[in-house]
Amino acid sequence: MNHPHGHLRIDGDRLMRRLAELATIGPIDGGGSSRLALTDEDREGRDLVTTWMRDLGLDVRIDGIGNVVATRPGRIDGPAVMTGSHIDTVRSGGRYDGNLGVLAGLEVIETLIDAGVETEHPTAVAFFTDEEGARYPPDMLGSLVYVGGLGLEEALDTEGIDGSVVGDELDRIGYRGPHPCPGPAPRAFVELHIEQGSVLEAGGHTIGAVTGVQGISWTEFTITGQANHAGTTPMDLRHDAGWAAAAIAVHVRDIATRMGGRQVATVGRLDLQPNLVNVVAGTAALTVDLRNTDEALLTEAEADLAAFVDGIAEAEGIQIEARGLARFEPVAFNGSVVDTVAGTAESLGHAVSRMPSGAGHDAQMMARVCPTGMVFVPSRDGISHNPAEYTDPADLVAGANVLLHILLALDNDAFEEGAPEEGETI
Ligand code: GLV
Ligand code: MN
Ligand code: MN
């Protein structure tokens, strides 16, 4: 590392203390957290993290969708070198997904302040609203609005799985801020995140230099059949929404098995009505999550599913309505930033793997407006979206130190502007 502050290290104990304290908000059995976006728990988490940001004297700005950006000035004004992630969780969340990227960003800035290191450009740490999309689809809602990929009004009107509306809930928790969306494009954006898979652990690597994020397709199917008596209705006279939902779920798994490669496919939500032992289900709702690093293959999976759904609707004499909840193409990160991530981690003595991300991340949205990359640290047994999510503290601290030196490098160095070529593989 050629930079003058090559010796600088973050305070690992302080980072671990903050991660533990944030995890006590919305606690669930097993040591994880449940802070669905814009709930009271999310508000409490936001209050804690913004207090920490203000205590450091940062300029804290909240925009119209509730994204929070905290900035430390540089020697010159202008676009910031930005890091960050999210503090909302799924209902069965662990303590590191998202939280690590936000609190490590805060820790990096506190380290710079403590050491009296001035940067050329401003340095910022952000947390974005509703990254998980578990309550309000699509995922990465806040960062999508930040980069102008979705209009603010449309985002505020989004209805959640519980019938609540984003704008109402933002007002209720006091996080509809005055700052405009889209927000200012940073000079560069780098997000630290746990891998949430098992590639790093299996390969014995401490750091992942993330090359991009796979494409994602979420669809909700609402099935309308006919509720009827389970004992008296002959099999050939049924319009069974429950059977159709089950058949879709099985077919979704079959698509991934047949396609192989990086295709993954999940039915994560399934509701039957009236959900009783002796009643043929009259209605059903389920969600399908399809992902692939290759856009053409993802499109193929979607087409396969659509044809299957049409076929069983016809065969069972039922109606199936499809509603798109999220659709994002694969994103390749800026090659120059990926090189900076890998080079910085290597210069700090870490074994590095270049790899795509299986999960969605705010960085994939920021990549639309500035040179962007990500740093991964290992997840034990590849478990995430589960309170058992765990990363060795030494790896969390290693990731934060890598982040520190990446941000310093991006403050100083020239790097290639812009996104990679369209269609570049990740
Ligand atoms: C969201 O982060 C997802 O990958 O589901
Ligand atoms: Mn996350
Ligand atoms: Mn997540």
Side-chain angles (χ1 to χ4, degrees), residues 90 97 131-134 137-140 144 193-203 205 208-221 223 244-270 285-313 320 322-333 338 353-365 367 374 376 378-379 381-386 389 420-426:
V90 295
D97 177 357
E131 188 276 345
E132 292 291 1
D139 48 351
M140 289 82 68
L144 183 63
H193 206 283
I194 55 167
E195 180 199 339
Q196 310 179 273
S198 49
V199 172
L200 291 174
E201 188 179 60
H205 296 106
V210 184
T211 51
V213 178
Q214 68 179 341
I216 180 166
S217 167
W218 285 358
T219 310
E220 179 185 68
F221 292 101
I223 306 174
I248 292 172
V250 170
H251 188 76
V252 158
R253 167 63 80 96
D254 289 345
I255 290 174
T257 306
R258 177 182 61 74
M259 291 179 67
R262 290 193 181 273
Q263 182 63 49
V264 289
T266 308
V267 170
R269 182 154 72 82
L270 172 59
L286 72 158
T287 54
V288 176
D289 173 320
L290 300 172
R291 306 193 198 198
N292 202 311
T293 49
D294 183 309
E295 174 62 18
L297 293 175
L298 184 56
T299 305
E300 181 186 318
E302 290 176 313
D304 180 322
L305 176 61
F308 179 80
V309 167
D310 285 350
I312 58 165
I320 306 184
R323 184 166 77 99
L325 300 181
R327 181 64 167 90
F328 300 115
E329 290 189 11
V331 173
F333 287 142
V338 177
S353 171
R354 288 178 184 248
M355 58 186 295
S357 170
H361 295 292
D362 295 307
Q364 81 192 78
M365 298 307 165
M374 287 189 77
F376 274 173
S379 293
D381 299 328
I383 291 177
S384 187
H385 284 182
N386 181 320
E389 180 182 280
E421 294 299 302
E422 188 117 338
E424 188 165 313
T425 52
I426 55 174

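Treat the numbers as computed from the prediction; the structure is a model and nothing was measured.
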Enter the distance from Met374:CE to Met355:CE here, rounded to the nearest 0.5 Å. 10.0 Å
Going by salt bridge (charged side-chain N to carboxylate O under 4.0 Å, His left out), name the residues that satisfy it together with Glu302, two or more places apart in sequence or in a different chain. Arg327
Sequence neighbours excluded, the answer for salt bridge (charged side-chain N to carboxylate O under 4.0 Å, His left out) partners of Asp294 is none
Centroid-centroid distance, Phe376 to His361, less than 6.0 Å: yes
Partners passing side chain to side chain contact (heavy atoms under 4.5 Å, CB included) against [X] (at least two apart in sequence or in another chain):
X	result
Ala256	Gln263, Ala265
Ala285	Asp271
Ala249	Val267
Ala209	Val338, Val341, Ala342, Val352, Arg354

For residues 209-221, which residue pairs qualify under salt bridge (Lys or Arg N to Asp or Glu O under 4.0 Å), counting only residues two or more places apart or in two chains? Glu220-Arg269, Glu220-Arg323
Any pair counted as side chain to side chain donor-acceptor pair (under 3.5 Å), so long as it reaches residues 244-256, sequence neighbours left out: His251-Asp304
If the condition is side chain to side chain donor-acceptor pair (under 3.5 Å), which residues does [X] pass it with, not counting sequence neighbours?
X	result
Gln214	none
Glu389	Ser384
Ser379	none

Can you check whether Ser198's main-chain N or O pairs, donor with acceptor, with Glu195's side chain at less than 3.5 Å? yes
Taking the side chain as every heavy atom from C-beta outward, state whether Trp218 and Thr287 have any pair of such atoms under 4.5 Å apart. no
